[in-house]
Each structure stands twice: as structure tokens, then as C-alpha cells.
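Counting begins at 1 with the first residue of the sequence. Remember, it's 1-based here, ligands and their atoms both numbered in the order they're listed.
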Amino acid sequence: MDVARPRTDRLVVALAAGAAAVGGSYLAVGFSRRFLGVALFDALLALVPDVVVRVGIEYLGALGQQLLFVSALAVGVAVVAVAAMLGIRAASRPDRGWGEAVFAAWLGPTLLTLVLTASVPSALGAGVAAALVVAAGGARLGSTTDAAGRRRVLRAAGAAVAAVGAGVVRFPPSLSGDEEATEPVEDPQVRSLLDRAADREFALPDAEPYVSEAFYNVDIAKADPDIAPESWSLSVTGAVETELDLTYGDVLDRAAEHRFVTLRCVSDDINGTKIDTALWTGIPVADLLEEAGVGENCCVMLRADDGYFVSFPLAALADGLLAYRMNGRPLPQDHGAPLRALVPGHWGETNGKWLTEIEVLDEPADGYWEQRGWQGTGPVETVAKVHSVETGLGDGDGVRVGGHAYAGTRDVDRVEVSVDGGESWETAELTEPLPGRVAAAADAVPDDPGTATDAWRMWRHEYAATADHEVVVRAVDGTGTVQPRAQQQSYPSGATGWVSVSVSP
Ligand SMILES: Nc1nc2c(c(=O)[nH]1)N[C@H]1C(S)=C(S)[C@@H](COP(=O)(O)O)O[C@H]1N2
Ligand SMILES: [Mo]
């Protein structure tokens, strides 16, 4: 007799197979681009209109990305469930065997995952996990009794939980995102430069130190490229006399230098925190461009392993650095390992990570973000931020405000503070600039390495106050230009205006 199993049972087993496939793919490849969830995220991202990407990723920050990722996981579970359902239905026919059902439950998810991720391990992980769930859920579903059916559904769900659990155990997801390096810095030059930075820093609670502890991230992709340096190369192409192709070894063999450089994202709010500074080690782009033989070309396009591309005037790259170390450690994966570009004084988006190609162009072109409406390939706007406010100091009426100021290669001449809402202005204390660039070959850091040419400063201002008041700050750059007063949101070309905060002593 062919007693139809309740539809809900089949649905639960199919959904369990879907969840197991997502878990099995994760178990096989971890959080990478080959993971089914990430591949579907990328596919969904390609379908989402550009305007939504603009707001969702760079403007709304991580939240939009998380929402899309959860949707991608749900889609993954659903599409595999459909494939598994076909197997379960096949198994319910009296002329079909258990083996055929399990095979069908394996084949569908495997092929699906293979097409979506182009990864055999990922596809095998997904397929095997889905097939196991269907096997645990039992074939010949038509011949089940209620109690036995429930047990099978439970077994199927258990198998799915096991697949997901095994993945999580093998690759524990990091909820904080940033894994901070803890090993001590070995390089004596780097040590000395970082020590000098620490000596010059103002201790300001709630503000980043002079050299950032937690460097911000902006990424178009959900999973960062995971590039083995041996399999990576950088090409210099386009309007050049000789095209170049450098292996990682070639890069390491070239003369390197250490430089303090600040990055700021064009989407950074006027008093936001998408601005940070590190000590980078790498090779000057100028040497490479000279070797390739560039002429009076207008522009350059940087291309990266994650599909990112950005184009800007070639002149902006002339004094650039191709960095492979950050604060004395290998460049972290999330900051572009094995190699990233640092473009002096220009918005963060020009600083291509996971760099694979430098193409010299004869015509201007749009980059990834410019295709989505941003205009963030030019020089940074000048900004002074208020990230630290202390009250009740000294005799109780002491107030200290402070933060960072940045004006790209124009440098900061001074920061002016008003503690009466903009009526009157005083000049704040400013840190000594960070040290200038140092050749990595030298044994030690020279006594006077000059000053950094593209780095922020710290400022602070102390005064007495007992009543509520408004603190306003503005930076003046090295050309004498005052930070623009007109308020402008970050989209499309960077926030402007003066930062103003209310202080209640
Ligand atoms: N390949 C690649 N490079 C990239 C990006 C990216 O998504 N992919 N984001 C850009 C943007 S918008 C910024 S602000 C900086 C951020 O660098 P960080 O993540 O190291 O802070 O990298 C830029 N370079
Ligand atoms: Mo950015």
C-alpha cells in the first residue's frame, strides 16, 4: 500500500538537505569565495541594482552586506532543498530504490554547487552532506508509519545539524572580523619608527592612537581573496613600452621602503572613523613605471583579484607605494595580501588591494565605485575630527577635546577650536608629524628621516568650562586653505563641513 508521507515531512527533510549542503560546502572550504553562501552572495550582488549596492555596502556599512549574506544563505538552502525534493519524490515511487533517491539527492546539490562555486571540494561537501540527510531521512517514504516517519525526520534534521556543526567547528566564524596580530615586531627599523610615533602621540581616550590599532575595512566582496603568494603575480600593461610581470619573489627582491600613510574612505562621515594610519613597507611604483616605460599618459587602471577596479590620473600614482607589509608584519588578508597600492593623498578607493594589474591608459575610464555614482578617485578633503571628550579634569572644571586631522599630501598646518559654537577660535596643540619614509635596506632609522607626506596628525585642546557648550573644530591645510565650512554628505565626493559636538561638563 502506498501511504503518502505527509508533505511537511518531505519539506523538512528537503530543507534539512539544503542546510546540510550549505554546511557541507563550508566544512570543505571554509569562509572563502568557494563557499556556496559567498558564491550566492556574489551572484545576488550582481543582480542588485547599482544604486542599492552604493547605499548598501559603502554607505550603510556592514549592515547591508549582512542582510544580503543572510539572504544568500537562505537562497542556498532553498535551491538545494528543491534539488533534494526531486530526489525524495523519486524515492517515493514504488519502482525506485533507496540508492537512486540518495544518488539523486547527491547529484542535484553537487552539480548546483559546482556551477555556482566552480570548486570541486565545495561541491562534494555540499552533495555528500545533502545525500547523507536524505539517506538519514529514509527512502521508500511511502511505507512509513507515523512514529517511524518522525524518527526519520529527526534523523535528517540531526544529520543537517551535524554537517553545519562540523563546519563551524572546523572553521569557527570570527564574529569580530579583525584578528589582531600579536607576535612582536622583529624588524628594528619598524620597531624604531613605531616607537617614535608612540613618543609623539597624544593619549586621547576613545580616539585611535597615532598608529591605528583597529584599521577600518571597506570591501566589495563578502569573502576576501585568499591568495597564495607563489601563485600570484603583478602585471604592468597597457600603454607602456615593455609590459612587466612580477612574481612575489621579484617584488621582495626590489628596493623597499617604510612609510607612514593614512587612508580615508570617501564614504567616511565628517566625524566618522573610516580613517586610519599604518606603517607600510613596500616598493615605490615610480621604479616600476620607469622600467615599463610610460609616456605622458593620462590615466591608470588598477585591477584586483576580487574583481575590483579603479582608475585615476597616472600622475597620482607616481609617488605611490606597493605595500606587502603593514606595521612590521605581512600585509593582512583583509588589507590586500599579498600586495596593495597606496596612492598619496587620494581617497581610500584608489588604494587597490589584492592588486594584480596596473594598466596604463590613454583615455579616462570609470572604476567600480564610479560606475555606481561615487566620485572618489580624487584628492581627499581636509578634515579635523573630535573623537575624544574628557570632562571633570583637574579641579573638576577641566575639559579636554581631541582627535585627528588629515589633509592628504597638503598636510595639516593647524587645527582651530571654538568652544563657543564658532564665535571665537583658538589654535589647538598638534602632534609632531610622523617620521618620513625610510629605505628598508638601511641598518637603522636615520636621526632625522624628515616627516611623513601623507599622514594624519593628532590634536588636543584643554580648557575650563562649567556650562553646556558647543565645540567646533576645523583644520587648516599646508597651503593655508581652511577646511570648507559648507556641509556636504559623503556621497558622492566626500563629506565636508566642520565637526561640532555638544559638551556637558
Ligand atoms: N581590491 C579592492 N581594493 C579596494 C577595495 C575593494 O573592495 N577591493 N576597497 C577600496 C576602498 S573603498 C577603500 S576605502 C580602501 C580600504 O582599505 P582597507 O580595507 O585596507 O582599509 O580599499 C580600497 N581598495
Ligand atoms: Mo572607500
Side-chain angles (χ1 to χ4, degrees), residues 33 38 41-42 45 53-62 64-65 177-181 208 211-227 232 234 261-269 272-280 282 300-312 316-317 320-327 329-359 367-381 406 408 454 456 490-495:
R33 279 185 288 179
V38 170
F41 174 94
D42 290 343
L45 191 60
V53 175
R54 187 187 92 210
V55 175
I57 292 188
E58 180 138 13
Y59 203 53
L60 270 190
Q65 230 187 27
D178 249 347
E179 246 105 292
E180 291 306 326
E208 282 282 351
V211 178
S212 300
E213 251 154 29
F215 205 106
Y216 81 95
N217 266 132
V218 177
D219 298 321
I220 60 164
K222 185 65 191 162
D224 294 337
D226 188 1
I227 305 172
W232 169 91
L234 172 71
V261 175
T262 297
L263 294 187
R264 183 181 178 211
C265 184
V266 67
S267 73
D268 184 38
D269 290 332
T273 54
K274 278 191 240 172
I275 176 168
D276 278 300
T277 299
L279 176 59
W280 311 84
V300 68
M301 174 76 83
L302 304 185
R303 292 184 211 279
D305 189 77
D306 58 345
Y308 185 77
F309 52 100
V310 60
S311 182
F312 49 89
L317 192 63
L321 193 72
L322 301 176
Y324 51 85
R325 293 181 79 79
M326 184 180 183
N327 298 330
R329 303 191 175 91
L331 186 64
Q333 189 184 356
D334 58 344
H335 293 296
L339 188 91
R340 81 169 305 163
L342 295 169
V343 181
H346 284 59
W347 291 113
E349 63 162 80
T350 59
N351 300 261
K353 304 191 274 188
W354 310 290
L355 194 64
T356 55
E357 184 183 352
I358 300 174
E359 186 189 1
Y368 180 93
W369 286 119
E370 281 49 57
Q371 288 184 352
R372 286 157 183 80
W374 287 90
Q375 293 156 22
T377 60
V380 292
E381 294 279 357
Y406 178 55
D454 177 27
W456 66 12
S490 62
Y491 181 80
S493 52

Undergrad: Are the aromatic rings of W280 and F215 close, with centres under 6.0 Å apart?
TA: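 Yes, the ring centres sit under 6.0 Å apart.
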Undergrad: Quick one, L322 with L355, criterion side-chain contact (heavy atoms from CB on, under 4.5 Å). Give me CA distance, side-chain angles, the key distance, then yes/no.
TA: CA-CA 9 Å; L322 301 176; L355 194 64; 3.7 Å; yes
Undergrad: State whether the side chain of W354 and the backbone N or O of R303 hold a donor-acceptor pair below 3.5 Å, judged by distance alone.
TA: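 Absent.
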Undergrad: What are the atoms of ligand 1, with element, lying closer than 4.0 Å to any heavy atom of G352?
TA: 3 (N), 24 (N)
Undergrad: Less than 4.5 Å apart, any side-chain heavy atom of V310 and any of W369?
TA: no
Undergrad: Show me which atoms of ligand 1 lie under 4.0 Å from any heavy atom of D219.
TA: 7 (O)
Undergrad: Please list, in number order, the atoms of ligand 1 under 4.0 Å from a heavy atom of N351.
TA: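 Checking each atom against N351, I get 22 (O), 23 (C), 24 (N).
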Undergrad: If we only count N/O pairs under 3.5 Å, is W354 in contact with ligand 1?
TA: no
Undergrad: Looking at ligand 1, would W369 count as a contact under a 4.0 Å heavy-atom criterion?
TA: yes
Undergrad: Can an N or O of K353 be found at a distance shorter than 3.5 Å from an N or O of ligand 1?
TA: yes
Undergrad: Counting heavy atoms only, name the option from D305, L331, I220, T356 that's nearest to atom 7 (O) of ligand 1.
TA: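 That would be I220.
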Undergrad: Could you tell me whether R264 and ligand 1 have an N or O pair separated by under 3.5 Å?
TA: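 So ligand 1 has no N or O lying under 3.5 Å from an N or O of R264.
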Undergrad: Under 4.0 Å from any heavy atom of C265, which atoms of ligand 1 are there?
TA: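 What qualifies from ligand 1 is 14 (S).
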Undergrad: Is it the case that the side chain of E370 and the backbone of G376 share a donor-acceptor pair, with hydrogens and angles ignored and the cut-off at 3.5 Å?
TA: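 At least one qualifying donor-acceptor pair exists.
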Undergrad: Quick one: does ligand 1 sit under 4.0 Å from the side chain of F215, the backbone, both or neither, non-hydrogen atoms only?
TA: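 Within the 4.0 Å criterion, F215 contacts ligand 1 through side-chain atoms alone.
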Undergrad: Which of the numbered atoms in ligand 1 are below 4.0 angstrom from a heavy atom of A304?
TA: 1 (N)
Undergrad: When you compare the side chains of Y308 and D219, does any donor N or O come within less than 3.5 Å of an acceptor on the partner?
TA: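 No, no side-chain donor-acceptor pair sits under 3.5 Å.
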Undergrad: Check whether any N or O atom of Y216, backbone or side chain, sits under 3.5 Å from an N or O atom of ligand 1, and answer yes or no.
TA: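 Yes.
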Undergrad: Of all residues at least two apart in sequence or in a different chain, which pass the salt bridge (Lys or Arg N to Asp or Glu O under 4.0 Å) check with R33?
TA: D305
Undergrad: Whether the side chain of T350 engages the backbone of V343 through a donor-acceptor N/O pair (distance < 3.5 Å, no angle test) should be reported.
TA: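 No; judged by distance alone, with no hydrogens or angles, the pair does not exist.
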Undergrad: Is it true that D269 and K274 have a side-chain N and a carboxylate O under 4.0 angstrom from each other?
TA: no
Undergrad: Looking only at distances, please establish whether an N/O atom of ligand 1 is found under 3.5 Å from an N/O atom of V218.
TA: yes
Undergrad: What I want to know is whether R340 and ligand 1 share at least one N or O pair that is separated by under 3.5 angstrom.
TA: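 Yes, at least one N or O pair falls under 3.5 Å.
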